[in-house]
Amino acid sequence: MRSRIRGLSLIFVGLAAVSSFFLWPTSSANSVKRRGIDSQDVFTPAHPTILDSLREFIGWRETPVQPLAFTHRKHIENQIACTACHKGVNQGPSAGIPDINVCMRCHTFFAKDRPEIKKLAGIFDSGQDITWQRVYGFSPSAHVKFNHAPHIHASVDCSVCHGDVKSMTVAVRAVNLNMGFCLSCHRAKQVSTDCVTCHF
Amino acid sequence: MAHRWGMAVDLDRCTGCEACVVACRAENNIPSVGEDQAQKGRAIHWIRVERYYEGEFPDVRVKFQPVLCQQCNNAPCEPVCPTYASYHTDEGLNGQVYNRCIGTRYCANACSYTVRFFNFFNPAWDKPLHLQLNPDVSLRQVGIMEKCTFCVQRIKSAEIRAKEEKRELRDGEPAPACVQSCPPRALVFGDLNDPESEVSRLARSRRGVKLLGELGTQPNVTYLQRNEWNDNNT
Amino acid sequence: MERRDFLKVSVLTGATAALSGCEKPAHTLVRFIPEEDLIPSVATWKPSVCTLCPAGCGLMVRVLPGEAEVVRNGKLGTIQMGLAKKLEGNPNHPVNWGKLCARGQAGLQITYHPDRVRSPLKRSGPRGSGSFQPVTWEESIREVVSKLQELQSQNQSESLRFVSACLRGQRHELVRKFLSAFGAPAAMVFDPLDEPVLRQANLLSFGQADMPSFDLAHTGYVISFGADFLGTWNSPVAQSIAYGEMRQGRPGNRAKFVQVEQRMSQTGANADEWIAPRAGTEGAMALGLAHVILKEKLRPAADNKATRLIAGWSQGLAEYSPEQVERKTGVPAQRIQRLAHEMAAHLPAVAIIGGLPLAHTNGLFNALAVNALNTLLGSVGMPGGLFFTPQPPSENAGSWSSESDFASVLLAGKLDGTKVLLLHNANPVFATPAVWKVRETLDRIPFIVSFGSFVDETSQLADLILPDHSPLESWLHDVPKSGTNQAVVSLAAPAMLPLHDTRAMPDTLLEIAHQIGGEAAKALPWENFQEMLQASMAPLRTADGINPPPDPEKFWSKVQEQGGWWSDKVRQAARSAIPQKQLVTEFAPPQFDGEESSFPFHFQPYVSQAFLDGSLAHLPWMQEMPDALSTVMWGTWVEINPKTAQKLAIEQDDLVEVRSQHGKLLAPLLVSPGIAFDVVAMPMGQGHESFGRYASGRGANPMTILAPMQVAETGSLAWASTRVQVSKVGKAKLALFSGGLFERPSELQQR
Amino acid sequence: MTTTPDQIKHDLINHDVINHDLLRPVGQASARFFLVVAMLGLVVLAGFSAWGYQLYSGIGVAGIRRPVFWGFYITNFVFWIGISHAGTLISAILRLANAGWRRPVTRCAEVITVFALCIGAMFPVIHLGRPWVAFWLVPYPNERGLWPNYRSPLVWDFFAINTYLIGSITFLILPIIPDFALCRDKFSGWRKTFYGLLALGWRGTQRQWHRLETAMHIMAIVIIPVAVSVHTIVSWDFAMTPVPMWHSTIFAPYFVAGAIFSGIAALIVAMVFLRRFLHLEEYLPSVCFENLGKLLLLMSLLWVYFVFAERLTIWYGNQPAEVAVLWLTQKGPYRYLFWIMVACNFGIPFPLLAIKKLRTITGTCIASITVVVGMWLERYLIIVPSLSRKFLPYAWGTYRPTWVEITITAATFAGMALLYVMFAKLVPIISIWELKVGMREASESMPSVVAVSKARPTVSERSEHETVGFKNSHRVGKP
């Protein structure tokens, strides 16, 4: 007797759960009213999936895989300044990842025989750009507006935040750029640690 | 000398053209929430032009009054925030640190000017409208309070520029989007710590009042009241 | 669960966003090689020109590199390109001196609008079904060319028609040359923002068929008859800048501003004194003022072209004594007395007329009366008065006279013979009274080509759509007709590369001309519009422009970087009157469609602050911008006086039916203190059937129920002369941004 | 049939009867019990689904909007924290006053406190825009070098509520220990081990009894200021902000009074239901309701006094912003709610409680139910109207709850009932040993608490006769 009732109530609960799931009204609220446009056509800061949001919450990032085995060491050995490719670094917020034009400016002449350069040329001829994967950078929900230029002008060495790139082939995330890291340096140099210095 | 950013709003110049409203949207990535949400009172306008009727037909007059965050020196929104998301910056602004905001909405209740706006949902832009978004201003996600920042991104970049050029900021050099766009120059922005700046002069004007001054919030925004037309120069 | 729902996922904030440079959906697409040399996140400011209204303000466009989805040689992919991020006024431009109105700034969204036409389209369904299929530029242009050559071969070239909004500068030249070379009649203008009545009046009074400019910055007294000159009328930004000066720019000398209208406009809201005479009696009121001034010799009696047009002027306007005027207008006699005295005592004084007063059957008279008043006040061509913007040397200035008015052509039934119609940013199907049956007329035209960037009501009827670039993607050239006392030629190179597979209309037209060959090709020798512009600018190098560099190349780059050419000469003189056909006008009471008994209210549509005539209704920023007075977002409304509403037992947020003899519409009611008891006002702009996702099916369109009344002499639509009845049919909900209407007295406290 | 204390003494002279009657509900679970649990469970589940949906879609699925940024959720928060003042405070006071009739009441009361607090404390989290970072309220060392803002009343709340929660849990658990021990002795099987663990090795030695006594005494004294402080701080969430009709010095006492008011009401309702469904007529005699009813009456009068004082001063002071809110509630769209509230908190309860004839169990029960409703409305009417009429008329607005808020609210009431029912299943809802002591006292007419220890049965005889009692009563629900 009792067990049957237990069973019944369980079924009740199950039904309720299922129904309450399907009966949710969808809220058209979170975007400008759109007619019959499917969501790939909408840009939103929301995570595509719950998994992504969890990943970001625990600060887990996949290590980037670059399309070409670019080596920083070689280029630096050949006395090429960082600013030659990362043009923006001393002018504005972001250093910038060079596009293929920058590569070809030299590699139409130099090291054409190397396999990787052949690959590069191949991509160039197909009229495409290289899909470099970003190594550093802050998660959008950190709302950090980091600006490279002032740091360069304050003669902060690139290696402080990016590790010893000279010795790197493909760049790897050598420094964990969390807020503590920024703060320690700002405190040491006695520059502003006001929140809106970086967050706006 | 540290800056204290302030604004003067000349109600006699303001025509209610709303140029400031759109300028602010364009500069600060303010999402359009759509009709349903707008009806619910969830539209976001960091600056609004308040409209108040005076009298009845046929003797009607209207007063336009642009209202934005008053950047109070004694701000009700600041102490109540449990996480310092709303706090006072070194340059006298009411900072709003998005990433620190947990969405209690306490600040918005405390604010006497109702100039704080809340992201009830994640904002969305129908592509490719998102290409317009200003990379200098971060996108606010769901559950985050936002408000006028005096275009802090413009202030910061101006300061950085001045520093590179090894000089002081010129008066009116950093100008928020609303001030820049205002056709009748009803909005004036500048450093209140510089007694010579235009905004300080206007702030000292006899027409100058503070919005809800009786509350003692000590805003950095001064309103210059309308003159009445008088026939004395006949 | 739909994919759509995943977007609502807000568990944890944060974007896998383009801003952080790692947009997820993007990296599946090919990535094209950048076509410009870009420095990341460093902004460049490029000059441009605002094309949204006739004011023609100069722009500065903030351009930043970003990643965009584009189509390159038929393939969809992403590319790093310079993207326009913000529009500001060009600080050196003589019209707007760095300032810009709300609409101008929202113009940015046209470029990025999700419903832009992204490639040439060919009609695939029946007319008006709105079903199109993409085609290549080659075949679409070939099709147009073949149609046109067909016309030529059957020498029916006059059955090619071109309709567009007011074109100026080289675009106008191009169209004019093309049409004349082809042997087609001159282009038809369809532009609800145009003021043909006022331009006609100015031609008669001052010998110049242009919009006037006003030196408000130095004026002592402004009386405006219905002109929304701070909002939407003529050159609002220039006028607002001057208004600021007039109010507080001259310590101790704050001019008085009087607004005369039945429904308080955004401009009227700023007036020191607001007067609501009977609809259509503004002219009489102006002459009443003149009468007092003449009678009491407050000003030397003027006798010139402008005044001779007014019957009985030389007799001192006997039948416009304040008492008689009070009977006509309902404005108390002593008030008219007072105003006249004030005006004469605070010279320079200027009278402005625009908008509704010109939209009555006696609109021309109203305009002439105000012009006469201005001459009496001695404000014509004087500092602090009315003047005409000097035009640059060389044929840069496209003249209005060559066009014919679309309405008159339509009503004269001259449109029926048309075989091919070219359509350039004009939407007559939307913005004309339903009784004109524009849709039906166009339906009878066998072949319609639209250059539209959007499939609006008129483009929906097109057989072929050859999408124009957005203004920011095009070469722009404009010659402002008002708003400045310098001769100005605005010129701008594209601020950014095209996003979609579109082409600038001028280039398309050139291409067509070349393929047709013959006269057309000869008349238009240029490879592309840029060449044409460069050629047109050349003569200006020798003109007294602002420090013109000697050699052509330098000059060319100079005008590009400063956003155009403007003379350093400042002239305010109005041209001397050219003799015109004699016409002496006197006050004729305005005619209205509909019996007062059954249709008790004047129906006054007005140009919307956000959408103008409706051409901006597709921009979300404009939709969500609270209207200054009603504070309505995302909707349209019918405006009515609280007392009237009480009488009709209707209230705010009731859905009311507004019925004229020619149709009815439904809209929510908005109770507003600033409107006459016998007037029902409604903003234009909403009620689009087809104009992108944000505008389509939203609100109601007041134009549809208008009566086909015409302004005497000019024949243009008298859109203020319809009478309506109002009745409640249900409930609605307006999205209002404001709570209370009235301010609490103790709200602003002295410090 | 009504019972007087003397009758209790005679009827309950036999411990067996007590044990039997009070352990019965613990021993057995009827079909009706499971049905009730299922019903309540469903509502609670609906509530959680609604919350899940809100987490998933964004807080916007709730009705809150500008300028009314706080709505149902904060109303519930204040309401439940208020309810939580039922038990601990009352029972503490009664213990210290050593009111004889409190003995059967205290535990019911303390249970309410604990559960109401748990539910109330959920709401600040539910109402957050980003609940997943709620832990930032906890002060913990981090690389950002950031701490909570100790100036914020919300942070005060956080600490106050946690203190109160810990305090009242201890206050609840301590006196249960001996009864756990009793259950351990009475039952066998899993129940024995279960209660054995909970009994924390209670043997009922002199030392243990003594420790318990002192602990109880200290707790009783300590918990009172804590309880008062909690609702004081809750009231300061509002009073600290310059919002019309929030920024008021009267709020702290006003809220505390209101809290005790609603607390007592909740307690009475709970007791009535227990009495009815667990057949505890003899154990919860009308005298309890009689006395609690009087208390309720007192609080009702106090409440009216506060409301009057608050509104009169605002009306008289005539500050535009404040008066706008005042009229909004008195004459405006909120007037119906306002007058319903007054009726519920005073109009109906006052006669029921003031007139001796009506102050029956049913009478007090009805009064209490209306008070609970009325006090919820009061919280709502404190929060919403003020926010919808702030200083700038242009920014005035309204508020409408959505189905999400309503579901979650309903779920909390169901949740409360559910927890209560479950608890009553697991633990004797009336403190058995205290009852026995009370009885012994009554029989020896030795009122002082200190005397209890003397009067207490020694371990040997206790366990002895209890085992006896167990043997010769087969009515006890078998494990």
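As a basis for the values below, the full set of heavy atoms in this structure was taken, side chains included, without hydrogen atoms, waters or symmetry mates. The chains referred to below are lettered A, B, ... by the order of the sequence lines, with proteins before strands, and numbering in each begins at 1.
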Looking at [options], which has the largest count of heavy-atom pairs under 4.5 Å with chain C?
options                     : result
B:L224, B:V60, B:L129       : B:L129
B:H45, B:R25, B:R185, B:R61 : B:H45
B:A38, B:A23, B:G41         : B:A23
B:C20, B:C182, B:P58        : B:C182

Under 4.5 Å heavy-atom distance to chain B, tell me which part of [X] shows up: side chain, backbone, both or neither.
X      : answer
C:M246 : neither
C:N641 : side chain
C:A255 : backbone
C:L108 : side chain
C:I675 : backbone
C:T644 : neither

(message) What I want to find out is whether C:K643 reaches B:E56 closely enough, with some N-O distance under 4.0 Å, to be called a salt bridge.
(response) yes

(message) Check B:K127 with C:E67, please: is the shortest side-chain N to carboxylate O separation under 4.0 Å?
(response) no

(message) Test of understanding: with salt bridge (charged side-chain N to carboxylate O under 4.0 Å, His left out), list the residues that count as partners of C:E273, not counting sequence neighbours.
(response) C:K256, C:R335, C:R338

(request) Quick one: list whatever passes salt bridge (charged side-chain N to carboxylate O under 4.0 Å, His left out) with B:R51, sequence neighbours left out. (result) none

(message) Between B:D12 and chain C, with a heavy-atom cut-off of 4.5 Å, which part of the residue counts as in contact: side chain, backbone, both or neither?
(response) both

(message) Please classify the contact between B:E228 and chain C as side chain, backbone, both or neither, with a heavy-atom cut-off of under 4.5 Å.
(response) backbone

(request) For the pair C:W274 and B:F57, name the ring-plane relationship: parallel under 30°, tilted 30 to 60°, perpendicular over 60°. (result) perpendicular

State, to 0.1 Å, how close [X] and [Y] come at their nearest heavy-atom pair, and which atoms those are.
X      : Y      : value
B:Q39  : C:A735 : CG-CB, 3.6 Å
B:S181 : C:Q105 : CB-NE2, 3.5 Å
B:V22  : C:A106 : CG1-N, 4.0 Å
C:F742 : B:Y52  : C-CD2, 3.6 Å
B:A43  : C:F737 : O-CE1, 4.0 Å
C:E624 : B:I44  : OE2-N, 4.4 Å

(request) Please report the C-alpha distance between C:R698 and B:E35 in whole Å, then the side-chain angles of each, then the deciding distance to 0.1 Å, and finally whether the salt bridge (charged side-chain N to carboxylate O under 4.0 Å, His left out) criterion is met. (result) CA-CA 10 Å; C:R698 185 180 298 285; B:E35 185 173 17; 2.6 Å; yes

(request) Could you go through the salt bridge (charged side-chain N to carboxylate O under 4.0 Å, His left out) check for B:R154 and C:E88 one step at a time? (result) CA-CA 14 Å; B:R154 286 178 170 225; C:E88 291 182 1; 2.6 Å; yes

From [X] [atom1] over to [Y] [atom2], what is the distance, rounded to the nearest 0.5 angstrom?
X      : Y      : atom1 : atom2 : value
C:M633 : B:Q37  : CE    : CD    : 11.0 Å
C:K99  : B:C17  : NZ    : SG    : 10.5 Å
C:Q109 : B:L131 : CD    : CG    : 12.0 Å

(request) Starting from the C-alpha separation in whole Å, work towards a yes-or-no answer on salt bridge (charged side-chain N to carboxylate O under 4.0 Å, His left out) for C:R62 and B:D136. (result) CA-CA 12 Å; C:R62 182 168 185 253; B:D136 298 355; 2.6 Å; yes

(request) Kindly say whether C:P114 contributes a backbone atom to a donor-acceptor pair with the side chain of B:D126 at under 3.5 angstrom? (result) no

